[in-house]
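Worksheet for the structure shown next.
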Amino acid sequence: MSTVAALPTGNVHAVLDHAALYLGRYGWTPNSLYDIHDGCTAKCACHRTGTYPASILGAIRAAVFGQPRWYLTGVTDADRHTYSAAVEWFNTYLIAVGHAGLHAPVFAWETLPGRTAGDVTEALCAAAIAYRKHTIRRAA
């Protein structure tokens, strides 16, 4: 199998763009899938809307499934593939191209001390742009 055939296909760029929008709107946390903010009285906006500050993977899940999703049980194969393709592309992008001064897998990149929400949203958008450029070149 060629390397090109193994690359993710579909709407990866749109998923990454939507994940960046999610983080811009609801916030980012590098420590867990979603920020459950212990000690909350369940009267905050997070509990009212079901939208929590998210990690990169949490934001990608929210972009694919339309809302934060803790577990992947009961999802369609197509949605699981879309999620996996977006995570795979983003992880590969961070390792190969890097962003904000670091080439590393998504977990190591996201949890680096000093990482900011701006770094994360910029990286998601840059990976989406790289995906668009890659698919345009491949189609030509």
Side-chain angles (χ1 to χ4, degrees):
M1 178 184 293
S2 73
T3 304
V4 173
L7 290 170
T9 59
N11 60 350
V12 167
H13 56 92
V15 169
L16 296 177
D17 283 336
H18 282 98
L21 289 171
Y22 181 94
L23 293 176
R25 181 174 290 151
Y26 302 112
W28 168 68
T29 181
N31 301 321
S32 62
L33 198 57
Y34 300 103
D35 179 13
I36 57 174
H37 52 283
D38 290 336
C40 178
T41 60
K43 294 181 182 180
C44 67
C46 294
H47 285 95
R48 286 193 311 276
T49 63
T51 50
Y52 299 87
S55 66
I56 291 169
L57 297 183
I60 292 172
R61 284 185 182 199
V64 171
F65 304 113
Q67 62 186 11
R69 189 162 187 122
W70 290 90
Y71 303 101
L72 295 181
T73 55
V75 300
T76 66
D77 287 342
D79 282 347
R80 186 175 287 116
H81 173 75
T82 299
Y83 171 70
S84 297
V87 171
E88 178 184 345
W89 178 265
F90 188 65
N91 194 54
T92 301
Y93 174 83
L94 287 176
I95 292 169
V97 177
H99 194 80
L102 181 63
H103 294 258
V106 67
F107 293 117
W109 186 88
E110 182 175 30
T111 58
L112 180 73
R115 181 69 60 223
T116 67
D119 294 336
V120 174
T121 56
E122 287 172 9
L124 285 163
C125 291
I129 291 167
Y131 184 84
R132 284 185 194 93
K133 287 179 181 178
H134 171 76
T135 55
I136 289 169
R137 265 195 313 252
R138 211 169 75 181

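Position 1 is the first residue of the sequence, and the numbers go up from there.
Within 6.0 Å of NE2 on His99 lie more than 12 heavy atoms contributed by other residues, nucleotides or ligands.
Residues satisfying the side chain to side chain contact (heavy atoms under 4.5 Å, CB included) criterion with Ala20, sequence neighbours excluded, are Thr121, Leu124, Cys125. Every residue two or more places apart in sequence or in another chain that forms a side chain to side chain donor-acceptor pair (under 3.5 Å) with Asp119 is listed here: Arg115, Thr116.
Minimum interatomic distance between Asn91 and Pro105 (heavy atoms only, all atoms of both residues): OD1-CA, 3.3 Å. Listed here is the closest heavy atom pair of Asp17 and Ala128: OD1-CB, 3.3 Å. When all heavy atoms of Val15 and Val64 are compared, the pair lying nearest together is CG1-CG2, 3.7 Å. Listed here is the closest heavy atom pair of Tyr52 and Tyr34: CB-CB, 3.9 Å.
Between Asp35 and Trp28 the shortest side-chain heavy-atom distance does not fall below 4.5 Å.
Taking CD of Glu110 as the reference point, atom CG of Leu102 lies at 12.0 Å (rounded to 0.5 Å). Taken from OG1 in Thr76 to OH in Tyr83, the straight-line distance is 14.0 Å, to the nearest 0.5 Å. Taking CG from Asp79 and CZ from Arg61, the interatomic distance works out to 12.5 Å, rounded to the nearest 0.5 Å.
Within the structure, salt bridge (Lys or Arg N to Asp or Glu O under 4.0 Å) contacts touching residues 90-108 (residues at least two apart or in different chains) do not occur. For residues 90-100, no residue pair satisfies the salt bridge (Lys or Arg N to Asp or Glu O under 4.0 Å) rule, not counting sequence neighbours.
A donor-acceptor pair under 3.5 Å links the side-chain atoms of His103 to the main chain of Ile95, judged by distance alone.
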> Checking side-chain contact (heavy atoms from CB on, under 4.5 Å) for the pair Asp77/Arg80: CA distance, chi angles, key distance, verdict?
Replying inline: CA-CA 5 Å; Asp77 287 342; Arg80 186 175 287 116; 3.4 Å; yes

>> Show, in sequence, the C-alpha distance, side-chain angles and deciding distance for Phe65 and Val75, and conclude whether the side-chain contact (heavy atoms from CB on, under 4.5 Å) test is met.
In response: CA-CA 9 Å; Phe65 304 113; Val75 300; 3.6 Å; yes

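Using a 30° and 60° split on the angle between ring planes, Phe90 and Tyr93 fall in the parallel class, below 30°. Using cut-offs of 30° and 60° for the angle between ring planes, the Trp89 and His134 rings count as tilted.
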Give every donor-acceptor pair under 3.5 Å between a side-chain atom in residues 66-74 and any protein atom, sequence neighbours left out.
{"unit_1": "Arg69", "atom_1": "NE", "unit_2": "Tyr71", "atom_2": "O", "d": "3.0"}
{"unit_1": "Arg69", "atom_1": "NH2", "unit_2": "Thr73", "atom_2": "O", "d": "2.7"}

May I have the list of side-chain donor-acceptor pairs in residues 53-60 shorter than 3.5 Å, sequence neighbours left out?
{"unit_1": "Ser55", "atom_1": "OG", "unit_2": "Leu33", "atom_2": "O", "d": "3.3"}
{"unit_1": "Ser55", "atom_1": "OG", "unit_2": "Leu57", "atom_2": "N", "d": "3.4"}
{"unit_1": "Ser55", "atom_1": "OG", "unit_2": "Gly58", "atom_2": "N", "d": "3.1"}

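Two different hydrophobic clusters hold Ile129 and Val97 under the rule that ILVMFWY side chains link at heavy-atom gaps under 4.5 Å.
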